[in-house]
Amino acid sequence: MRDPIPFNVPFRTGTEHRYLEQVLGGRGYGGDGPFARRCQTFLQDWLKVPRAWLTTSCTAALEMAAMLLSLEPGDEVLVPSFTFVATASAFMRAGARPVFVEVDEATMTMDVEDARRRITPRTRAIVPIHYAGIACDILALRELARAHNLVLIEDAAQGLDAWLHGQPLGTFGSLATFSFHETKNLHCGLGGALVTTEEHWIDRADALWQRGTDRTRMLKGMADRYTWIEVGSSFYPTELQAAFLLDQLEHVTQSTTARAQAWNRYAQRLAPGAAEGRWRLQDVAPGQRGNHHCFYLLLPDAAQRESLRVHLQAQQIAAYVHYVPLHSSPMGLRLGWRADDLPRTEDLANRLLRLPLWAGLPASTADRVVDAIDAWSP
Ligand SMILES: *Cc1c(COP(=O)(O)O)cnc(C)c1O
């Protein structure tokens, strides 16, 4: 039996210990320290946004974004059904009802026309994701949000160092969230960030981030003590995580480039099968520069997807299914949705298969995966 091929190997620069040792040699571990600030400054400079807040996860960043909206019972938030649970649950925790939207086949992201149809007088926000590090139709969604006076929040968990027409993902909406979970391109074990392109969110977000206090004003010398001003929470990571993350952020291009090598190998070798109609590959339209977060195939039907997944598993190759649609999950059904409410999402999710991918995946490993796929017949 040949060595198993894992699905993911968390990115390591090999130099994370340098900043970690500085934390260990100092006296501040708790968070909101120099390394958190350096990570935030890095993100602000990289994205050219006025403010970034480091969080314990992308889930926490989405929860902060949801709290900023001051939602009321009955308010609705448009989210794709094909996403990670936090895209929906963060807004539910803040009192809103998630309204699930279909995805389009080219990018597996929010379908603009379906989003338009689902807007009601109670809709408050649109929260698309950028699947696999390729932009959704964010310009059309931004127009839609503007026309209906809705807040556009990008769940850019998979979108760092991905670009559309030269503009980084996470800077098209009013707010955006990133993930630094170990399965993402950059990480600190588990972490995230909230960013905003609009100054008017900053004071309240500062207060939420500081557990609902005006501590940020005190740190800026605008008050001599800090006190409770609203209901916030504990959102920021420790300095240990921030130190690890800063080193990773400083290697962002290295991570993307290394993933690109494996991604391009798959794309090149799987193109003939796509031309023959054996599967469909991710669409990379003009103007898109992805970050190679994941590589997937869309098989012609659910049975073939399962057959290929089992075939690869038998050869010790971890190919994953992703995501189980939210509207037809046990929670979605409890909210009153039925699987056939979003037939296209249901169909596409059943046909998608993700291949192993990480920064530094050797060409020989990519070849072994493709050889195994070539040897498969449905
Ligand atoms: C990974 C991911 C999340 C959650 O990120 P965490 O940092 O693990 O909370 C949310 N949304 C999307 C689209 C993701 O891919």
Side-chain angles (χ1 to χ4, degrees), residues 7-8 10-11 39 43 52-67 77-94 98 100-101 103-104 107-110 125-138 141 152-162 169-170 172-173 175-195 209 233-238 241-242 244-245 248-249 255 259 282 290-296 320-327 329 331 345 348-349 352 354 357-358:
F7 181 67
N8 175 54
F11 177 60
C39 287
L43 289 169
W53 296 266
L54 222 51
T55 59
T56 48
S57 64
C58 183
T59 301
L62 285 162
E63 291 180 0
M64 260 183 89
M67 289 167 85
V77 174
L78 300 185
V79 298
S81 173
F82 186 76
T83 183
F84 184 67
V85 294
T87 319
S89 67
F91 296 90
M92 284 179 71
R93 292 193 67 186
F100 297 111
V101 179
V103 287
D104 78 72
T107 60
M108 297 298 293
T109 58
M110 189 182 274
I126 308 181
V127 191
I129 76 167
H130 302 293
Y131 186 65
I134 288 284
C136 64
D137 195 352
I138 193 70
L141 288 171
L152 180 64
I153 302 169
E154 296 171 75
D155 179 348
Q158 307 175 14
L160 194 70
D161 197 21
L169 304 191
F172 290 86
L175 298 158
T177 62
F178 292 94
S179 174
F180 302 117
H181 181 262
E182 67 174 23
T183 51
K184 303 303 200 291
N185 291 20
L186 299 181
H187 72 99
C188 56
L190 178 58
L194 173 71
V195 305
W209 194 74
S233 192
S234 179
F235 283 117
Y236 52 77
T238 67
Q241 287 164 290
F244 188 100
L245 181 63
Q248 291 246 334
L249 288 170
S255 168
R259 295 183 88 91
Q282 183 179 20
N291 63 10
H292 312 289
H293 175 61
C294 67
F295 194 98
Y296 65 82
Y320 282 4
V321 165
H322 199 230
Y323 299 97
V324 178
L326 298 184
H327 77 281
S329 67
M331 185 68 211
T345 296
L348 290 168
L352 187 140
R354 294 177 62 184
L357 181 64
W358 62 88

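Order of appearance sets the numbers: ligands from 1, and atoms from 1 within every ligand.
Heavy-atom separations between K184 and ligand 1 include at least one value shorter than 4.0 Å. Residue contact check for ligand 1: G191 places a non-hydrogen atom closer than 4.0 Å to it.
Using a distance-only test at 3.5 Å, with no hydrogens or angles considered, no donor-acceptor pair links the side chain of H181 to the main chain of L190. Put simply, the side chain of N185 gets close to the backbone of N291: a donor and an acceptor are under 3.5 Å apart.
The shortest side-chain heavy-atom distance between C188 and F180 falls under the 4.5 Å cut-off. Counting only heavy atoms from C-beta outward, the side chains of P128 and T109 never approach each other to under 4.5 Å. Side chains of F172 and H130 form no contact here, defined as non-hydrogen atoms less than 4.5 Å apart. At a threshold of 4.5 Å between non-hydrogen side-chain atoms, the residues Y131 and C294 count as touching.
Scanning the protein heavy atoms around atom 11 (N) of ligand 1, the nearest turns out to be D155 OD2, 2.7 Å. Looking only at heavy atoms of the protein, atom 12 (C) of ligand 1 is closest to A157 CB, 3.3 Å. Scanning all protein heavy atoms for the shortest distance to atom 15 (O) of ligand 1 gives Q158 NE2, 2.8 Å. Nearest protein heavy-atom contact of atom 4 (C) of ligand 1 is F84 CD2, 3.4 Å.
Taking all atoms of both residues into account, the shortest heavy-atom contact from L352 to H322 is CD2-O, 3.5 Å.
Distances between N or O atoms of Y323 and those of ligand 1 include at least one value under 3.5 Å. Among the atoms of I129, none of the N or O lies under 3.5 angstrom from an N or O of ligand 1.
Here T59 has heavy atoms under 4.0 Å from ligand 1 in both its backbone and its side chain.
Near C58, with a cut-off below 4.0 Å to any heavy atom, the atoms of ligand 1 are 4 (C), 5 (O), 6 (P), 7 (O), 9 (O), 10 (C). Atoms of ligand 1 lying under 4.0 Å from any heavy atom of S57, numbered from 1 in the order shown and given with element: 7 (O), 9 (O).
Relative ring orientation between Y236 and W209 is described as tilted, the plane-to-plane angle lying within the 30° to 60° band.
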